[in-house]
Every structure is written in structure tokens, then in C-alpha cells.
J.: 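Please see the structure below; I have some questions.
The basis for the numbers below is simple: all heavy atoms, side chains too, and nothing from hydrogens, waters or symmetry mates. First the proteins, then the strands, lettered A, B, ... as listed; each starts at 1.
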Amino acid sequence: MAERTVVEAIRDALAEELRRDWRVIVLGEDVGVHGGVFRATDGLLAEFGPQRVIDTPLAELGIVGTAIGSALNGLRPVAEIQFADYIYPAMDQIMNEAAKLRYRSNGAFGCPLVIRAPYGPGVHGGLYHSQSVEAFFCHVPGLKVVTPSTPYDAKGLLKAAIRDDDPVLFFEHKRTYRRVRGEVPEGDYVVPIGRAAVRRRGRHVSVITYGAMVHQALEAAALLAPEGIEVEVVDLRTLLPWDRETVAASVARTNKVVVAHEDHKTLGVGAEIAAFLAEELFDQLDGPIVRVAAADTPVPFAPTLEEAVVPGTRQLVDAIRRLAAY
Amino acid sequence: MAERTVVEAIRDALAEELRRDWRVIVLGEDVGVHGGVFRATDGLLAEFGPQRVIDTPLAELGIVGTAIGSALNGLRPVAEIQFADYIYPAMDQIMNEAAKLRYRSNGAFGCPLVIRAPYGPGVHGGLYHSQSVEAFFCHVPGLKVVTPSTPYDAKGLLKAAIRDDDPVLFFEHKRTYRRVRGEVPEGDYVVPIGRAAVRRRGRHVSVITYGAMVHQALEAAALLAPEGIEVEVVDLRTLLPWDRETVAASVARTNKVVVAHEDHKTLGVGAEIAAFLAEELFDQLDGPIVRVAAADTPVPFAPTLEEAVVPGTRQLVDAIRRLAAY
Amino acid sequence: MAHQQTHTPARAEAVPHGLTDIQLLDLYRLMALSRAIDERMWVLQRQGKLPFAVTGQGHEAAQVGSAYALRPGEDWVLPYYRDLGVVLTLGMTARDVFLDAFARADGPSSGGRQMPAHYACRRLNIVSVSSPVATQLPQAAGVALASKLKGERVVTACYFGDGATSKGDFHEALNFAAIHRLPVIFFCENNGWAISVPLSKQMPVAHVAERARAYNLPGEWVDGTDVLAVYTCMRAAVERARAGEGPTLIEARVYRLTPHTSDDDERRYRSDAERAEARQHDPLPRFERLLRARGLLDDALLATLQERIAREVSEAVACAEAAPPPAPSEALRHVYAA
Amino acid sequence: MAHQQTHTPARAEAVPHGLTDIQLLDLYRLMALSRAIDERMWVLQRQGKLPFAVTGQGHEAAQVGSAYALRPGEDWVLPYYRDLGVVLTLGMTARDVFLDAFARADGPSSGGRQMPAHYACRRLNIVSVSSPVATQLPQAAGVALASKLKGERVVTACYFGDGATSKGDFHEALNFAAIHRLPVIFFCENNGWAISVPLSKQMPVAHVAERARAYNLPGEWVDGTDVLAVYTCMRAAVERARAGEGPTLIEARVYRLTPHTSDDDERRYRSDAERAEARQHDPLPRFERLLRARGLLDDALLATLQERIAREVSEAVACAEAAPPPAPSEALRHVYAA
Ligand SMILES: Cc1ncc(C[n+]2csc(CCOP(=O)(O)OP(=O)(O)O)c2C)c(N)n1
Ligand SMILES: Cc1ncc(C[n+]2csc(CCOP(=O)(O)OP(=O)(O)O)c2C)c(N)n1
Ligand SMILES: [Mg+2]
Ligand SMILES: [Mg+2]
């Protein structure tokens, strides 16, 4: 076991998969000579050469379109979008093409493609380096959406994504890149896509969350324990398809739910989870399904403004405490 | 009062607004000489000339980007995307630009832009002429999203959209274009954005829906009346910002809710409505919040397949009946 | 002309590149088959048996001539919805095409999931066609990138209309393909219209081929009603690509002999004169005259050929009509890999 | 050279277009002010007072020379994040720029909502800069379309880097602008890098200006370190646009004298030699030499000027540092019109 940051774990996963399977390629802006603006692809060009680690023009549509084509012809491309905020030009290729290729060809063609993108607020990035775009993709059948919160999961899930036969959006929270460290085994392992993890057990309130907010939920749980409020923290890890069994089991235990994310509230991922629970577990609920989410605005730059918009541990604590008392 | 179809009402609204305000322009593929593939812009070129009714190249990014620029410089552009399925190339311009211009400039710049697009299944259009894309835009603060279901609303809401100072996505259900007729007053009127309409009163179950499905919900209500089930039908009309008051008032009356749409289930607009109710009206609910929605697949072409995926009156009737008996 | 270099028409040589008499007749057969299937689609649509027809009429020489220069099942092809002639030349059959058109469970392209004319064939490396215009262009660059990485001498052919060249996809695809000198041919069937929008409102240049100049790659203009000229031009591009000399943009000037699709009323934007003029550029009689002049075709042979094609088409229609639609339970399959 | 026509360098005339001596000094002052502000940003960033700095160092001649050919407050301008020199030339002040950089409530561009260098000024028709590269290009076409429709003799200037020319936005914008002969100038500050990606991996042509040939519009190459050459070239394009003669693409070759931003470590991709070479192309000493040679500048005047600029910058920084941040309650405003 070695201690690794999230970004190191991602780099390890890429290097190991490139080594393991000649079909894996990496492409994107600044991924080669530079090694990526977050260093996630550092050293890959030197080891694997310019045919497999490709510095592309500044053209997200082209990056994803080209990656799709290469996947059709037998490769396993891992495309990097430099910031999730810049993924929109590729939406047509992702949603109309990658997501629908298998369905529309009645299973004849598939699209084993991974799109990696750093996302999330809390790094003083303003409107265009802070976005949480995962909800858009969770609305598209045919895609998978993964959001690891730890180095262990980042590595294991990225490997699973690369080996998956379907297109996977792999969102890496910028705030976890260097700040979250953890044990990562040396050898090869995968973390299966589609399984949540219960990060802390508790009897009173379930917090369903993902990404960097998992760590804030754990903080909130620790803060509330002295008050006698036992919080269960579920890390979704995969947002599409999400793990209904684990969430349902947790809710069946606690009967109270907070769904939390840094994305803004309206039609964020939390909406789907809440709607599912309100339909399928209605009888088990002992209180309203509370959503903790960002305000419905873009993410502003000034710290005073960003803090007013994006929720943190404090908002979680308040919401859990109120719900526990319900 | 004259009887009009939805597409005629839209054409009337466009013509009247073009006449009323020199700043209004119409642009898109085939909107000029051809008059639009659904004839929504028929006759406009002849009356208003090629400077105000512009046949563009096949380039949705450019259509919307150009429209945004013209709005910045004082015009009131109405851009047509030929099918909602082809709006993805313009997503970057819509979501990163139109939606955020006002916020990011601290209110100095605005973007009074309307994007019209025919949407929805049930016209044997297959994967790329059947999509319901409204949920993507409902997740974006700064946008407004409108989905009329009647000729009266289509005209009044389109006029309101054109006069609105913010970007409005105006989705016209293809199945209503010629099939839905109704009285439309001759004179000028607007239907305010953001207000739902109760289409039918009932005490037992509220059906919250929009677009073409409003008509199926009314059918279902009529079918269930003889059984003694009184269904209230709420037509949202605007999906962002949606009318929480009217929905909440209806649910407070019936205490049981079906949220219905033709878009697929996961993270469709129904998720937000259900999540809102599960949080804010939890105490009022006498049963699970039921969602009637399409299966989480693309929309296939063959009628046998499309019918298996997209819900209709039958699915509504079943869901309402079950919920009423809960 | 200012831009001589890039759009000088590529002309067929007197004796086309190594084609035997049998191959010439084969070209004709494919064009005639494509036309016959296409005409039958319109009839079936008018009879209410098909909901929709989209046409390749007028494009046959461009489609058949270009696809004939490829190696079916080895080279990769990304066609668009008009490319009936392309997929027939590569090996799809009339039956395949009608099974798809009737949205049958056994339709090879999509098992009834897609509209007619959205071709696909895994075995023939024909990538599934979608409706959004131009998305296949960057994908074609990617397919070619993979061939290059694998060290295969495989070529990718990407087909699209003039309308597609206005989209960002076109720009990003040609830019990338040219930077990496990928073995891909971008083949534009320029019929002068994107539905109702004429070329002059689509682009500020007179020829699609001129767009190549921004990418420092060969832009060839060819008369797309001359099947041999097309074949020759495409073959040269394919040879360059196979030799590692990079991509080519080919513009084949063709004429759309019908409305855009069966949903379209072209009298709204096309004058009678313009349509009559287009009819003068029908590639079939043109090639027939050439074959007759070379003594390869006469009335008797033509009649036999037509009769064989008619039978093939009728049998295909009968088979497709009788075939079952997809079962409703199929609708939920293949969203993800099993 | 194959493409002589489009990228022959446009050279400044011996006597530049009607510029007085005072204007020449004004150009120098603006360039020096831009440089001084820019350098201070980096200092503040290193001191931990600013989270981020992005630079225009090396681009000053291109920015100031081109913006000087516009009519501030009448013409429209869509800059990008490097365009400090552009917005100063149009009339924004050092104070404006630092209020923005410190994300103050009174920051004129966004009231602290955007990162530094995301300029905007309603009064000066400077459209709010966003971070996504190239989105401003189709918008610029639209701004110009509106001016044309209104019958105004107003010109739109759109700025961007070499990286932006690879995006679909570039293609769709130039295509549309050229078809409609819109009064817009597309001004590319080509510094040879998109962060770490050199020009050779971004495009298959040697000059951005060559991309103009696909749109049948003038593509001008100009030495972007020569402020008078830039002014002359831009002025001609502006005059053409104002006269209704349509758009121009200008490529100003410049050198990025710093890392991409303060977040960047350029030693990963730029050799010492290459950076030293870039330093040789600093536009400021070049223009200083010219002014000295013309007798317009001497040590004394330069010292006065520098001192005035230093004071202006220091006062601006002091004012901005002292200014209050936006109130948290502001965060929810302006999502929609009131
Ligand atoms: C992105 C996108 N926008 C619009 C459409 C609707 N549409 C279908 S075909 C077509 C015209 C295509 O013209 P062209 O590329 O010249 O091909 P042609 O049909 O003339 O062969 C349009 C606008 C579409 N399919 N995709
Ligand atoms: C659409 C998009 N993709 C990626 C980025 C990240 N990014 C910011 S600047 C930049 C390079 C821009 O290069 P260029 O256009 O040449 O401008 P320069 O910074 O060299 O002046 C990149 C890739 C972005 N801002 N927008
Ligand atoms: Mg065409
Ligand atoms: Mg650059």
C-alpha cells in the first residue's frame, strides 16, 4: 500500500492501463508534453509516445468525435476535457452519438470511451472553472457517470471505466486532486461501476452524496455525533447507473434522508434520488427528503459570493440537525 | 376569435411581433424561402424581407451564437432549431453564454433571445426526431423554458418570450402542431411566463404535466370520471421557472400526485417536481409521488418499439387508478 | 479563376483506371439497382406502406463510383442518409435495405430502431448512420487514427452533403485529419441544396473543394454525374491515403432529382426550370450512353438487367413486407452492453 | 511560397496613417501602461494578494495598435482574457482593472463575479469576456449583423488567440460573416501556443491567416510586435468594414513573454532558448527605439512617463485593495432581469 493523492491515483490508473492494453490511448489539450494542467497525464508521453498520448488542437467537439471514431475501430480512448465547464461543445457527440451508437445499431456497434474532466467548485474558479455538469449526463441513457471521492476509488473506478464497453463520463473533483490522500494498493484492482459505498454507519439520518462533498458529510457526521445524532454517509461513487439498493437499504435503516451536492438544486442529481425515494420508499420516510445543494445561480468568483452560493459542512450540519429533530 | 392550430398560432405570434417591433428577427435553417419544415415561418420572408428573416447555413452553434450577438446589440432574435434533437451543437452558446451573460456582467448585459424548437415523440421520428430535451435546459439558471400545449398558450407565451429580457427556450410539441386546434383571440395578448394552468378540477389525484401529454391527461381524467376518480390536471406551461404555487395548491387539495411526461424518467423534469414536493409538501402527501415517463432508452422508430417506450393515456390511467386506491 | 489549383475538375481518363468491361457493367448495375430501389421507396411511401422516403436519385454515380474504389469489409465507411448507392456497392442488398425501410426486426442496420436509410453493417465496416448532420466527420478522423495506430493500410471514407460543410464538425475534423495526415477521404456530395438553402447562402465560396485550402490538403472537384471520373478521382485519393500521404477532400457535384425527402415540398423553393435543368444531369442515361458507345450495352442486355433488378427489388419488398416487426420487449435492449 | 496572397506581411508605411506625434506617444503610453499593470499583477499574485494572473505581455503592440483604429463607445469589441491593452486603449482605467482583479464589489466588469481579466464595459461596448475559448466569434458576427440591420456604420472587432481558430465556433462565425459581408474584424493574436500546444499541432497551415481562404475573405498577416504596422493593417480592415465591404481576418504574430497564466509552469514545454528568443520580440523596446529615432522620446520624457504610470498603477492598486468585496447577498442577483 502506498499513500497517494487523487490525481496521483488517476495518473497511476492511466499508466497501468496504457501498459496493460495497447488499445488504450489518451488524448486532449495539453495532455502530452505538458502532462496536463493538473498533471494527471504527467510522464505518459515519455513512456507511451505521441501515437498513444496525443496533444490535440483546442477543439472539444473534435476531441470527443475523434475518440468515438477510434473506439469504433477498436481502440479504448481516454479523452480529457481540460475543465468540465468546457464539455458543452462536445455534447452533441456525447449525447447524440456516443450514448446512442449501441442502441441505434441494435447492439452491433459499441463505444468504449472514457471522458475525464475535472469539475466542481471551491477552487476560486469563477463561472467557468467551477461547474458541476454531471446532471446533464445522468439524464442520458447509454452513458455512465462516475464521480470518485477517494484515491482508492479514483484508481479503481478509472480502470473499470477504461475496461467498460460503454461510454463513461469520469468526473474528477478538482478540490480532491491534491487535498485528499489515501491508501492505494500497488497491484491491479478495479472498483465496479454502479456500486455505492457506505462511508459511515448511523441510525438517524442518511446523507446521500458524492464527490468532494463526501468528505464534508463525514465532517458533519463527526460534528453531530456528540449531539447524539448518528449520521450514515453514503458515497454514491457512480451516478449513472446509481446504486438504488444501497441507498434504499440505508434509508430503510434511518428513515430520514438528506441528499447533498455542490451542483445547484434544480434538477441536480439529488432531484432524481429524492424522486425515486418519494415514489419507491414513500412508506419508509419519517420526514421530508431534504436537499442540500448550491443556489440556482452560476458559481461566482469572489469568495464572499462563492461561499454564499455553494453549500459546505455548515449547511449539512444544519440540515441534518433539523431533519433529525423532525 | 378564430380557430387555429398550434403551428398557425405560432406563425401569427411571429408575424405580429415582427410587425410590432423592428428589433425582432427570425433566423434558422429553411425559415425563409421554404417557410420552415413545419411551416411555422411561412410568409414571413415575403412580408419582412431577408434582413429580418434569415436562412442560415446548417450550423446550430452559429445560429445561436449569432443570435446572442445580435441580442447584445439591441435586437430580439428568434432562432429556430429545426428539431430539438439538433440543439446540442448550440449547448455551449446557450449554457455558457446566453444563460450566464447577465450574471457574469453583474447585470450590465442581457440576452433577450428566443430559441424555438419542435420536440417530442409520437410522430414516428426515431432517435433523432423524437427527443424531449427540456430537462437539460431546466437545469440551467438564467434560462427560461416554455412548453405550450394549446394554440392560445402557444401564441401568448411566444409573444411573452419575445418580449422577455432573458433567454427563453420555447419548445413546441410536434404532435400538437396540426392536431391541436383551439380558439385564439384576434388581438394582441400575452400569457405570462411562469404560470401553470389548472385544466381540469378534481379532488382525488393531481396530474402535473405539460406539452402534448396535457391532452392525454385530460383523456385519462375523462376515462376515470365514471369510476368516481376525480382527476385534477395541471398544465405547467412553463418549466423554468415553474409555478410552485399552483402545483402546491393542487397537491394540498388532492394529496396525491402523478407527475407525467414523455421524456424518459431519470432526471426528467418530473424528478424536480417530485423532489420539491417530497421536501416542501411532505406532510400533505397521502401516497407516493408517482412518475409516469418514458423508459430510459432513446426513442426507437418502429411503432411496436416506440409504443413500448413512450407512455400514453393507458399508462396514465393505470397509474392514477393505482394511486387513487392507495 | 482565382482558386484554380484546388477545384480544377478531375477528369476521367479515356480508359479508366484498370476497370474491366465487366466492372464497368457492374458499376452500371449498381447504379441502376440503387435507382430502382429508390424509386420503389417513393412508390411505397405514396401507397402509405412506408412512412418516409429519402432519396439518392441523382447521386448514384458519385456514390457507386467512389465506393467502388474501396475495399469492402476492410476499409471503413461512414455514409450519410442519402448513400444507398454506397452501401449497395459495399455489399448490402436490396433485401437489407427494405428490411430496414420497413423497420423490421431483421433489418440489418438497426432492427427497426432507426428511420429508413440509416444504414449500418458491422461486417462491412459501415458505421451506423445517425440523423444529425456532420457528426460522422470527426468520427471518421478517429477511425482513421485507429487504423494508423494499428499500422493497418486501411482507408476511411466519410460521406456527407454540402450542408454538412458549414458545421463546426467539418472544421475540427479536417483540421485534425490534416495535422495528423490521416488516411481518410472526406467525400462531399454537393447537390447545391441543404433542404431549401442554396449553396450561395451556405458558403462564401463557389466550391466546397475550396474549403480544403484552410487545411493544406488536396481539395478535388469532380463531376459527380460521371461515374468514371468519380472512380478515378476517388481511387487516387484512396491510394494517397493508403500510402500514408494523408487526407483528401473530394467535392462531387451532383443534382438532387427529387425533393429532399418525402416530407418535403420542393416547389416552395425550387423553380420548374431549375428542376428541369437538374434532370439533364441524371447520371444513369449518361453512363448508359457511354456503355452503349463502347459496345458494352445494348437494348437486349439492358432489358435483361432491368428485369433482373426489378425481380430483385420485388422479391426484397415482398420479403420485407412479410417480415415481422421488432417485439416490444426489444425496446429496452442494447442501451448498454449486456 | 504557395499561399503568397493571403499572408504577405502587411507593413507599416513610412509615415503611418495620419497619426500625429501626440498619438504616437499616446500609443506608447498605452503599451507601457498595459505592461506596468500586467507586471504588477504578477507581483501581487506572487505576494498572495491575487489568486491568479493572466498576461498580455508581448501582445501590447497588437492590442493597442488594433484597438486604436476603433471608435470607442461606438464600435463594438469582443476581447478575450489577454486583452488588457485593448480595453485600456478603449478607455478602461488601471483602477477598473484592479478593482476587477481584486474581485471588488465595484469592479466594473463583473462586480467580483468573474476571474481577473474577464473584462466588460457596457458604456464602451466591450462585451463581457467569458472563459470558454472562441465563443465570442459567432457572437461578434451577430453584433455586426445587428449593426448592419440598423443601418449603422459601426464596426465590430473580435479578438482571440491562435488556439481559438481550431474550434467550430471559428468556422461557423467566419462562414456566416463572409456570406453576409458583415462589418466585423476577426483579430487573432497568434503567440504560437495554446498553453503548451504549439502551432504545428494546432493546424496544418503555417499561418492563421491562411484559414481565411476557405471563406473567401481577406486574410492579413501582420507583425504584431510593430504597433504601427498593426494600426495600419487594422485601420484598413476597419475602413473596409465600415464601407460595407465585409469582414477581414487579421493574424498578428506576437510572442508570449510569460507563462500562460500564473498557474502555468512553462518550463515543462518551452525551452530556455525559445523563451529567450521570444524576449527578443518585446514590442515595447522596439517602439521606444522608433520613437527615440524620430526624436519623440528621450530619457527625460520616458522617466516622466514611467513615473506617471507607476503612480497611476500604485494608486489603482491601493484603491482596489481598500475597496470592499461584494456582499454575500449579491450572489443571488442578476440571474434574471429584475
Ligand atoms: C445538425 C442538424 N441540423 C439540421 C438537420 C435537419 N436536416 C436534415 S438534412 C438537412 C440538409 C442537409 O443538407 P446536405 O448536407 O447538403 O445534404 P443533402 O440532404 O443535400 O444531401 C437538414 C437541415 C439535421 N439532420 N442535423
Ligand atoms: C473551450 C475551452 N477549452 C479549453 C479551455 C482551457 N484553455 C484556456 S486558455 C487555453 C489556450 C488558448 O490558446 P490561444 O487561443 O492561443 O490563446 P492564448 O492564451 O495563447 O493567447 C485553453 C486550452 C478553455 N478556456 N475553453
Ligand atoms: Mg445538399
Ligand atoms: Mg496562443
J.: Measuring from C:T156:OG1 to C:N125:CG, what's the distance to the nearest 0.5 Å?
T.: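 Interatomic distance, C:T156 OG1 to C:N125 CG, rounded to 0.5 Å: 8.5 Å.
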
J.: Quick check on C:R123 against chain A: is it the side chain, the backbone, both or neither that has a heavy atom closer than 4.5 Å?
T.: neither

J.: Identify which of C:P108, C:S109, C:S130, C:C121 forms the greatest number of heavy-atom pairs closer than 4.5 Å to chain A.
T.: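 Of C:P108, C:S109, C:S130, C:C121, C:S130 has the most heavy-atom pairs under 4.5 Å with chain A.
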
J.: Assess whether atom CZ of A:R19 is packed by more than 12 heavy atoms of other residues, nucleotides or ligands within 6.0 Å.
T.: yes

J.: Which residues, numbered in order, of residues 93-114 of chain A come under 4.5 angstrom of chain C by heavy-atom distance?
T.: A:Q93, A:N96, A:E97, A:L101, A:R102, A:Y103, A:R104, A:S105, A:N106, A:G107, A:A108, A:F109

J.: Is it the case that atom CZ in A:R195 sees more than 12 heavy atoms from other parts of the structure closer than 6.0 Å?
T.: no

J.: Please tell me if the side chains of A:R116 and A:L14 come closer than 4.5 Å, counting only heavy atoms from C-beta onward.
T.: yes

J.: Tell me if a side-chain donor or acceptor on C:E251 pairs with a main-chain N or O of C:V208 at a distance below 3.5 Å.
T.: yes

J.: If the contact rule is any heavy atom under 4.5 Å from chain C, which residues of residues 21-36 of chain A qualify, in numerical order?
T.: A:W22, A:I25

J.: On a heavy-atom basis, which atom in C:R104 and which in C:P326 lie closest, and how many Å separate them?
T.: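 Nearest pair, atom of C:R104 first, then C:P326: C-CD, 4.0 Å.
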
J.: Is chain A contacted by the side chain of C:I179, its backbone, both, or neither, given a heavy-atom distance below 4.5 Å?
T.: side chain

J.: Given a strict heavy-atom distance threshold of 4.5 Å, which part of C:H171 is in contact with chain A: side chain, backbone, both, or neither?
T.: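 For C:H171, there is no contact with chain A at all, as no heavy atom is under 4.5 Å.
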
J.: Look at the rings of A:Y86 and A:F83 and say which category their plane angle falls in: under 30° parallel, 30 to 60° tilted, over 60° perpendicular.
T.: perpendicular

J.: How are the rings of C:Y215 and C:F170 set relative to one another: parallel (under 30°), tilted (30 to 60°) or perpendicular (over 60°)?
T.: perpendicular

J.: Looking just at side-chain N and O atoms, do A:N73 and C:S147 make a donor-acceptor pair shorter than 3.5 Å?
T.: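 Yes.
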
J.: To the closest 0.5 Å, what do you measure between CG (C:D83) and CG (C:L88)?
T.: 10.5 Å

J.: So, C:D100 side chain and C:V97 main chain: donor-acceptor pair closer than 3.5 Å or not?
T.: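 No; zero donor-acceptor contacts below 3.5 Å.
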
J.: Name the member of C:V127, C:V143, C:V154, C:V129 that forms the most heavy-atom pairs with chain A at distances under 4.5 Å.
T.: C:V143

J.: Under 4.5 Å, counting heavy-atom pairs only, tell me which of C:A141, C:P132, C:A120 racks up the most with chain A.
T.: C:P132

J.: Could you work out, with salt bridge (Lys or Arg N to Asp or Glu O under 4.0 Å) as the rule, every residue matching C:R240, not counting sequence neighbours?
T.: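 Only C:E220 meet the salt bridge (Lys or Arg N to Asp or Glu O under 4.0 Å) criterion with C:R240.
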
J.: Out of A:D165, A:D164, A:L143, return the one with the most heavy atom pairs under 4.5 angstrom to chain C.
T.: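 The residue among A:D165, A:D164, A:L143 with the greatest pair count is A:L143.
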
J.: Can you tell me how far the CG atom of A:L240 sits from the CD atom of A:E272, to the nearest 0.5 Å?
T.: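 Between A:L240 CG and A:E272 CD, I get 9.5 Å after rounding to 0.5 Å.
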
J.: Within this structure, what is the CG-OG1 distance for the pair C:L174 and C:T248, rounded to the nearest 0.5 Å?
T.: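 It comes to 10.0 Å.
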
J.: Please state whether the side chain, the backbone, both or neither of C:E172 comes within less than 4.5 Å of a heavy atom of chain A.
T.: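 Just the side chain, heavy atoms under 4.5 Å.
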
J.: Counting heavy-atom pairs under 4.5 Å with chain A, which one of C:L149, C:L137, C:L145 comes out on top?
T.: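 Option with the greatest count: C:L149.
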
J.: May I ask you to list the residues in residues 49-68 of chain A that approach chain C closer than 4.5 angstrom, counting heavy atoms only, ordered by number?
T.: A:Q51, A:R52, A:I54, A:T56, A:P57, A:A59, A:E60, A:L61, A:G62, A:G65, A:T66, A:I68

J.: Rounded to the nearest 0.5 Å, what separates atom CD1 in C:I185 from atom CG in C:L249?
T.: 11.0 Å

J.: To the nearest 0.5 Å, what is the distance between OG on C:S128 and OH on C:Y119?
T.: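 So the OG of C:S128 and the OH of C:Y119 are separated by 12.5 Å.
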
J.: Determine yes or no for a side-chain-to-main-chain donor-acceptor pair under 3.5 angstrom, with C:Y336 supplying the side chain and A:G142 the backbone.
T.: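 Yes, because the side chain of C:Y336 sits within donor-acceptor range (under 3.5 Å) of the backbone of A:G142.
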
